[in-house]
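Taking it in order: structure first as structure tokens, then the write-up.
Since we're looking at a predicted model, the values are computed, not measured.
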Amino acid sequence: MNFAAASARALAFTKKPAVTGIANVFALKGSAVILVFVLLSLAARVLGEHDFGTFSILFSAGGLLAVFATAGQQVLLMRSWNEYCAQGDAPRLRGALWFSLMAMGGVTLVVSALFFAVLCFFNPLPLAGAVTLYMALLGIMLVSMHLVRTAVSVGMGDGLGNLLAISFPVVYLLVCFLQKTPGDIATIFMLYSLGMGIAIVIQAVLVWRKVREIFPGFSDVTPRYDLPVWRGRSLRLWISNGLEAANQYVDVLIVGLLMSPSIAGAYFVTTRLANAFAVAAGAMHLFSSRHIPNHYFRGEFDQLDHMLDSVAKATLAIIIVGMVAVIGGGHWLLLAFSPAYVPYYGALALLCFGTAAVTAVGPSASILMFTGHEGTSLKIIAATLVLRAIGFFLLVPVFDVMGAVVATTLSFLALAVLMRNAARKLTGIDGSITRLLPGLGKTERTAGAAGGEPVD
């Protein structure tokens, strides 16, 4: 093939709607990740090793409990929106919205009260209040971002939410850094909450306008409730999302418990840098979670295949670039936080292989959840989380951060293999990069998309 033909094919590929959508979402996710990197590097320098370790522990605890506070409604709402809009079922959509609002509100109040009570034992009252408010609003924003992502756009959902939330604390820490003044942890969390509060209000207005556009008489519709189905889905998604969040946050808490806040801060930085692949995984999740349920419930499997092929190709390219960037520039990335973190380069390099494996499975977890197999996803996440926790308690006391990294890497590799195989076996859909291999790309399931409820 000559150069002109190859260039023409490459240009045609970049103009595909799916590729354009992936590029836009990746740019959005990348911007958010850059801001997080700036936030954490500024916080590490402004707060100092001990206080940054404390911030890392509270940040992880708040993020973990925020997901539990959603009661599984973020994924349930995306599924309900696509399912009931495809069916033109306004009464059930209204019922689903009310059900999610009540479930999320009730659980958020309970989790917030318990979290605040525990925090007060170990922290000053203003800090306990700030972290609790951060946790509660983060849970609400997670739900609103998911709904706006599927109902309006990714930009107005995740883009607006993430960028508004992080902009205020970044500005505050930058001012502290330039003026060489100490930062305050409670202020960081309060500014986070301010940005999230503004985003939630804007997103609520956007959803209301969109639902009235689709169903003009929506205000007068009598809600219809399918409580047994919604309760079952919510419980499975609640536990599944909680365990998935534990995969992201609980390791920092365990390291802080077994070692010290300073070492927890070092591990926190290491995992966040290794999770640079989360830029790819997160971008692919944002894009696919908007389109998978839409194509699936409408039975559009050819479109689903084309979309997943594009996602797999983009994911493979990003994994290759990411491995080169993180391993090649790891020393300088750690130095950007603190010279004290540079010795953890070996841990960062090893952890990259685990995070790359999780990224390689693509939207396999989303495929399981959106097709009614959330129970299987739950079991896989729970099993690998238990594996990691056992590894932590066995290895961290002996090998410090490297022990935690080995346990995490092994659990990530197990998660990747199990999640990919389960999605392909139960749904006939391979969301991983292995679909690019000959004979593995075609979706095998071609019926029943909008039909009954699969049982795990």
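- One finds the CG atom of L133 at 9.0 Å from the CE atom of M135 (value rounded to the nearest 0.5 Å).
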**Message:** As a quick check of understanding, evaluate side chain to side chain contact (heavy atoms under 4.5 Å, CB included) for I318 and T359, giving each step before the final call.
**Reply:** CA-CA 9 Å; I318 293 164; T359 302; 6.0 Å; no

Name the atoms and distances for all side-chain donor-acceptor pairs under 3.5 Å in residues 118-130, with sequence neighbours left out.
from: N123; atom 1: ND2; to: L119; atom 2: O; distance (Å): 3.2

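- Put simply, CG on L42 and CD1 on I188 are 9.5 Å apart, with the number rounded to the nearest 0.5 Å.
- In this structure, CD on Q203 lies 10.5 Å from CZ on R149, to the nearest 0.5 angstrom.
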**Request:** Could you check I198 against F168 for side chain to side chain contact (heavy atoms under 4.5 Å, CB included), going step by step and ending with a plain yes or no?
**Result:** CA-CA 11 Å; I198 295 172; F168 292 98; 4.1 Å; yes

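- Under the side chain to side chain donor-acceptor pair (under 3.5 Å) criterion, S432 pairs with D430, T434, not counting sequence neighbours.
- Residues passing the side chain to side chain contact (heavy atoms under 4.5 Å, CB included) test with L101, sequence neighbours excluded: W98, M104.
- Nearest heavy atoms, L334 versus V342: CD1-O, 3.9 Å.
- Within the 4.5 Å cutoff, side-chain heavy atoms of L147 are placed close to those of L97.
- Smallest separation of non-hydrogen atoms from A423 and L368: CA-CD2, 3.7 Å.
- Shown here are the side chain to side chain contact (heavy atoms under 4.5 Å, CB included) partners of A404, two or more places apart in sequence or in another chain: V255, Y267, F392, V396.
- Taking the ring-ring contact (aromatic ring centres under 6.0 Å, His included) definition, one finds that H50 meets it with nothing, sequence neighbours left out.
- Using modelled atom types, no side-chain atom of T108 and backbone atom of G105 make a donor-acceptor pair closer than 3.5 Å.
- Scored by the side chain to side chain donor-acceptor pair (under 3.5 Å) test, T70 finds Q74 as partners (sequence neighbours excluded).
- Counted within 6.0 Å of CZ on F177, heavy atoms from surrounding residues, nucleotides or ligands total 12 or fewer; the atom is thus considered open.
- Between D184 and Y172 the shortest side-chain heavy-atom distance falls below 4.5 Å.
- You'll find the side chain of T384 stays beyond 4.5 Å of the side chain of M419, heavy atoms only.
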**Item:** Worked verdict on M196 versus L164 for side chain to side chain contact (heavy atoms under 4.5 Å, CB included)
**Value:** CA-CA 7 Å; M196 289 189 292; L164 264 180; over 6 Å; no

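- The line from OG of S60 to CG of L65 is 11.0 Å long, rounded to the nearest 0.5 Å.
- A donor-acceptor pair is defined here as one N or O able to donate and one able to accept, closer than 3.5 Å; no such pair exists between the side chain of Y84 and the backbone of R79.
- Of all the heavy atoms in I429 and I367, the pair that sits closest is CG2-CD1, 3.6 Å.
- The ring-ring contact (aromatic ring centres under 6.0 Å, His included) test applied to Y192 returns Y134, not counting sequence neighbours.
- Partners of F115 under the ring-ring contact (aromatic ring centres under 6.0 Å, His included) rule, at least two apart in sequence or in another chain, do not exist in this structure.
- The minimum heavy-atom distance between V406 and L395, with the atom names listed, is CG1-CD1, 4.1 Å.
- A donor-acceptor pair under 3.5 Å is absent between the side-chain atoms of T427 and the main chain of R424, judged by distance alone.
- In this structure, the ring of F189 has its center less than 6.0 angstrom from the ring center of F55.
- Among residues two or more places apart in sequence or in another chain, the side chain to side chain donor-acceptor pair (under 3.5 Å) test is passed with S112 by none.
- In this structure S100 satisfies the side chain to side chain contact (heavy atoms under 4.5 Å, CB included) test together with Q73, L76, L77, sequence neighbours excluded.
- Atom CG of L194 is separated from atom OG1 of T187 by 12.0 Å, given to the nearest 0.5 angstrom.
- Shown here are the ring-ring contact (aromatic ring centres under 6.0 Å, His included) partners of Y344, two or more places apart in sequence or in another chain: there are none.
- Under the side chain to side chain contact (heavy atoms under 4.5 Å, CB included) criterion, P228 pairs with D226, R231, sequence neighbours left out.
- Atom CE of M323 and atom CD1 of I320 lie 10.5 Å apart (nearest 0.5 Å).
- Across every non-hydrogen atom of L137 and G197, the tightest pair is CD1-N, 4.5 Å.
- Of all the heavy atoms in A416 and V361, the pair that sits closest is O-CG1, 3.1 Å.
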